[in-house]
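Order of the sequence lines sets the chain letters (A, B, ...), proteins ahead of strands, with each chain counted from 1. Note that these values count all heavy atoms, side chains included, but never hydrogens, waters or copies made by symmetry.
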2 protein chains.
Amino acid sequence: MQNLKPSSKMFLDIVGELRLMIKAEGINIGDKLPSERVLAERLQVGRSTVREALRSLELLGLIETRRGEGTFLGDFKKHQLVEVLSTFIMQQPKSAMDVNETRIIHEKAAIESICKDIHKQNLPVWEGLIMKLQEDGTVLREDIVREMIIASDNRLSLKIWFLLKQYSKVPYEKMTEEKEAGIVKDLLGHIIEGRVFEALAAYDRWIEDIEGEE
Amino acid sequence: MQNLKPSSKMFLDIVGELRLMIKAEGINIGDKLPSERVLAERLQVGRSTVREALRSLELLGLIETRRGEGTFLGDFKKHQLVEVLSTFIMQQPKSAMDVNETRIIHEKAAIESICKDIHKQNLPVWEGLIMKLQEDGTVLREDIVREMIIASDNRLSLKIWFLLKQYSKVPYEKMTEEKEAGIVKDLLGHIIEGRVFEALAAYDRWIEDIEGEE
DNA sequence: TAACAGGAGTGGTCAGACCACTTTTTGAAC
DNA sequence: GTTCAAAAAGTGGTCTGACCACTCCTGTTA
């Protein structure tokens with residue numbers, strides 16, 4: 001295991017060595033990795049070098065570290081990578097329009113996904129939202145959309161959407177008002193029935209209505 | 001700048017601080033960042049902690065370090081990091097599926113965007129691709145899809161797609177073959193004419209064909 | 001003027017020392 | 001023997017100081 005070439009990026013070599021070690025020793029998700037001190041000893045490098053490699057993997061969500069306990073192989077479900085990258089991307093081109101468009105892309109994709117899956121249409125949450133709208137017409141826009149993305153059952157898409165929402169200028173925190181409530185009820189109704197074209201059309205009207213506010 | 005909360009992950013805070021610093025000081029791609037020693041001084045942390053944050057960002061390709069010269073804001077084009085990642089990640093069925101689905105979401109959205117904008121349809125790149133397919137039938141899948149996303153004129157979507165592509169198991173680097181070339185030519189033809197439904201249908205056939213390979 | 005030598009600056013790595021926290025072991029009281 | 005609290009061991013988190021290798025700039029020299 002000590003065939004480390006002196007390539008100019010030692011910590012990258014360590015990353016590779018760790019990968020091999022994980023494979024060779026059959027370490028599974030959630031299992032504990034050797035401690036930093038042991039790794040340093042085994043790989044014949046300093047502990048700080050090992051830590052640089054581990055910290056990189058942690059930022060990627062590939063491992064999880066708990067002080068006092070140890071380092072564990074990650075569950076890969078947290079796409080932290082996307083968050084970090086996006087926050088970096090967001091500041092440079094500062095193209096608010098792109099953010100908005102991309103957010104809408106994910107929202108529409110969620111609607112499509114629901115309309116094409118009978119199980120997602122039959123979720124009780126839709127009836128609940130309609131009921132609430134009927135009663136007092138005050139439901140957070142954010143709640144409605146979030147439920148749709150959640151229902152689409154794509155965690156990565158949800159992560160991205162959540163991130164975009166924070167950078168978006170759309171007033172997600174506002175309550176729906178009378179006219180808007182009608183549109184949303186249409187949208188939910190179409191979703192329940194799986195009418196994809198009508199649902200998307202209703203969604204378009206909604207967006208138009210919201211953006212017309214400003 | 002020293003308002004660091006003692007959250008349990010100092011190096012993550014540093015990453016955040018760096019992001020703010022880059023924005024505040026208007027550091028652009030290729031520009032030099034302050035040296036590790038200066039950063040440590042400014043942020044009132046040890047140099048090793050700064051290095052852990054920098055190494056993480058380096059693995060992501062967000063920064064580039066050159067011994068003896070300094071640390072520079074990355075150009076996002078280097079993606080050697082992901083070779084390592086893909087070998088780590090691609091065993092998890094559900095998250096791999098999410099990555100795939102999300103990638104397809106962005107690809108379809110690009111197609112829709114192009115089909116709804118006459119200017120995007122009239123780009124010379126489409127004719128060029130068709131020509132190339134006609135000649136020898138060897139065009140990289142990646143090139144075709146990338147051109148579509150670029151044409152959609154949403155930089156954020158492009159960034160996300162690029163990221164997902166690297167995680168994706170789809171053999172993007174492969175050449176298109178005979179049967180596939182026919183489908184792609186259909187797709188491009190529909191795009192040029194702005195026939196959104198037909199284009200999306202052709203795209204679906206393409207995906208099906210690719211995934212059927214395995 | 002051109003070439004060279006040296007110094008300053010920078011990232012790369014290591015070793016050792018604490019700290020904070022968790023888990024395990026120990027040992028005394030019951 | 002059981003219980004439980006204290007001590008010890010193990011682990012990640014951070015800092016410091018040191019040295020190396022490399023790059024760039026600068027001043028001296030031929």
Side-chain angles (χ1 to χ4, degrees), chain A residues 1-18 21-22 25 27 30-74 78 80, chain B residues 1-18 21-22 25 27 30-75 78 80-81:
Chain A
M1 193 63 81
Q2 74 281 22
N3 53 347
L4 289 176
K5 302 162 211 122
S7 87
S8 58
K9 299 291 178 187
M10 180 76 87
F11 89 97
L12 286 178
D13 293 337
I14 303 291
V15 169
E17 289 293 327
L18 285 174
M21 183 181 299
I22 288 169
E25 304 190 5
I27 298 173
D31 288 354
K32 194 166 172 304
L33 270 61
S35 77
E36 296 178 351
R37 289 167 178 85
V38 170
L39 286 173
E41 173 88 13
R42 260 215 251 177
L43 302 175
Q44 285 293 291
V45 297
R47 189 179 156 214
S48 44
T49 305
V50 169
R51 280 185 61 82
E52 289 183 7
L54 289 177
R55 253 14 82 211
S56 304
L57 295 179
E58 180 172 9
L59 188 64
L60 292 174
L62 293 174
I63 62 172
E64 186 183 340
T65 56
R66 296 196 284 271
R67 164 187 267 173
E69 296 183 59
T71 306
F72 303 84
L73 194 54
K78 305 165 187 170
Q80 204 167 3
Chain B
M1 194 64 80
Q2 77 279 28
N3 52 345
L4 290 177
K5 299 153 210 134
S7 87
S8 58
K9 299 290 178 188
M10 180 74 88
F11 89 97
L12 285 179
D13 293 338
I14 303 289
V15 169
E17 289 291 330
L18 286 174
M21 182 180 298
I22 288 169
E25 304 190 4
I27 298 173
D31 289 353
K32 194 167 175 303
L33 269 60
S35 77
E36 295 178 353
R37 288 167 179 86
V38 170
L39 285 174
E41 173 87 11
R42 260 214 253 177
L43 302 175
Q44 285 292 292
V45 297
R47 190 181 154 211
S48 47
T49 305
V50 169
R51 279 185 62 82
E52 289 184 8
L54 289 178
R55 253 13 80 211
S56 306
L57 296 179
E58 182 173 6
L59 189 61
L60 290 175
L62 292 173
I63 61 172
E64 186 182 339
T65 55
R66 296 197 283 272
R67 166 189 266 174
E69 297 183 59
T71 307
F72 304 83
L73 194 53
D75 62 355
K78 308 266 169 90
Q80 84 279 5
L81 61 122

To the nearest 0.5 Å, what is the distance between [atom1] on [X] and [atom2] on [Y]?
X       : Y       : atom1 : atom2 : result
A/Leu18 : A/Ile63 : CG    : CD1   : 7.5 Å
A/Ile27 : A/Met21 : CD1   : CE    : 7.5 Å
B/Glu58 : B/Thr65 : CD    : OG1   : 3.5 Å
A/Ile14 : A/Leu54 : CD1   : CG    : 9.0 Å

Is there a side-chain contact between [X] and the phosphate of [N], meaning an N or O under 4.0 Å from OP1 or OP2?
X       : N      : value
A/Arg55 : D/dG13 : yes
A/Thr49 : C/dC14 : yes
A/Thr71 : D/dT11 : no
B/Arg51 : C/dG12 : yes

What is the distance from [atom1] of [X] to [atom2] of [N], rounded to the nearest Å?
X       : N      : atom1 : atom2 : result
A/Asp13 : C/dT13 : CG    : C1'   : 13 Å
A/Glu41 : C/dC14 : CD    : P     : 13 Å
B/Glu69 : D/dC24 : CD    : C1'   : 8 Å
B/Arg66 : C/dG11 : CZ    : P     : 11 Å
A/Gln44 : C/dT13 : CD    : P     : 15 Å

Regarding [X], tell me which of base, sugar-phosphate or nothing describes its non-hydrogen contacts under 4.0 Å with the strands shown.
X       : value
A/Thr65 : sugar-phosphate
A/Gly46 : sugar-phosphate
B/Ser48 : base

Which nucleotide in the list [options] gets nearest to the side chain of [X]?
X       : options                : result
A/Glu52 : C/dT13, C/dG12, C/dT22 : C/dT13
B/Val45 : C/dT23, D/dC15, D/dG12 : D/dC15
A/Arg37 : C/dC18, D/dT14, D/dA21 : C/dC18
B/Arg67 : D/dT23, C/dT10, C/dG12 : C/dG12

Open item on the list: As a quick check of understanding, evaluate salt bridge (Lys or Arg N to Asp or Glu O under 4.0 Å) for A/Arg55 and A/Glu52, giving each step before the final call.
Closed with: CA-CA 5 Å; A/Arg55 253 14 82 211; A/Glu52 289 183 7; over 6 Å; no
Open item on the list: Suppose we call a contact any N or O donor and acceptor under 3.5 Å apart; does that hold for the side chain of B/Arg47 and the base of C/dG12?
Closed with: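 Flag set: donor-acceptor pair detected.
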